[in-house]
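Reading through the structure tokens given below for one structure.
All ligand and atom numbering here is 1-based and tracks the order in the structure. Quick note: residue numbers are just sequence positions, from 1.
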Amino acid sequence: MRLFFKYFFKAAHYIIGPIILLLDALVPPQGMVRAAEAQQQVDANTRNLVLYHFRMCPFSVRVKRAVKRLSLNIESRDALREETSREELLQGGGKIKVPCLRITDEQGNATWMYESSDIIAYLQERYA
Ligand SMILES: N[C@@H](CCC(=O)N[C@@H](CS)C(=O)NCC(=O)O)C(=O)O
């Protein structure tokens, strides 16, 4: 039975993933518009952020849509396809789970934030 569920969820992932990508492409979020100077300031502030994601992960898509809605330029790294990104996430965050936002402070210390809702709340609080 466990094996059945394992393969059921795997199959569902391959079916649901492309549907989510398609819906995301069909209904793109409207990015907010800022004055050029304000956007430059935001870009400077988000330079210390990196988003680790999987392309077909619904939770990652949710965060990436929030990033677009807030017009943030955040570097994103695919932790499924890119071996080095995967290793960074494992070594830094402690587990391969996405989405994960790496936040580096001015001293160079990194915080690894998991959970899509927490990441979105963090971004909204600062940039909405
Ligand atoms: N509650 C989490 C769920 C994230 C999640 O389940 N991500 C999947 C990919 S869609 C994952 O990383 N799975 C690997 C694992 O859990 O080990 C969130 O909202 O971010």
Which residue and atom name correspond to the protein heavy atom nearest [atom], and how close is it?
| atom | answer |
| --- | --- |
| atom 1 (N) of ligand 1 | Glu115 OE1, 2.8 Å |
| atom 8 (C) of ligand 1 | Val98 O, 3.9 Å |
| atom 6 (O) of ligand 1 | Phe59 CE1, 3.8 Å |

Check: Looking at OH of Tyr122 and CD1 of Ile103, how far apart are the two atoms once the value is rounded to the nearest 0.5 Å?
Finding: 4.0 Å

Show me which atoms of ligand 1 lie under 4.0 Å from any heavy atom of [X].
| X | value |
| --- | --- |
| Pro99 | 20 (O) |
| Ser116 | 18 (C), 19 (O), 20 (O) |
| Ile96 | 14 (C), 15 (C), 17 (O) |

Note to self: Set out, in order, the CA-CA distance, both residues' side-chain angles and the distance that settles side chain to side chain contact (heavy atoms under 4.5 Å, CB included) for Arg62 and Ile120, then state yes or no.
What the structure shows: CA-CA 9 Å; Arg62 191 174 159 229; Ile120 292 170; 3.9 Å; yes

Margin query: Just to verify, what does Arg34 make a salt bridge (charged side-chain N to carboxylate O under 4.0 Å, His left out) with, not counting sequence neighbours?
Written below: none

Next item on the list: Kindly identify the option in Cys57, Pro58, Ala79 whose heavy atom sits closest to atom 9 (C) of ligand 1.
Entry: Cys57

Next item on the list: Provide the full list of ring pair (Phe, Tyr, Trp, His ring centres under 6.0 Å) pairs with a residue in residues 84-107, sequence neighbours left out, each pair given once.
Entry: none

Next item on the list: State, to 0.1 Å, how close Leu51 and Ile74 come at their nearest heavy-atom pair, and which atoms those are.
Entry: N-CG2, 4.0 Å

Notebook entry, point to check: Under 3.5 Å between some N or O of ligand 1 and some N or O of Lys97?
Noted result: no

Margin query: Does the protein place a non-hydrogen atom closer than 4.0 angstrom to atom 19 (O) of ligand 1?
Written below: yes

Next item on the list: Determine, using heavy atoms of Ser117 and all atoms of ligand 1, whether some pair is separated by less than 4.0 Å.
Entry: no

Next item on the list: Tell me, with the steps shown, if Leu123 and Leu49 meet side chain to side chain contact (heavy atoms under 4.5 Å, CB included).
Entry: CA-CA 10 Å; Leu123 296 174; Leu49 303 177; 4.1 Å; yes

Notebook entry, point to check: Would Leu21 and Ile19 show up in the same hydrophobic cluster when neighbours are defined by side-chain heavy atoms closer than 4.5 Å?
Noted result: no

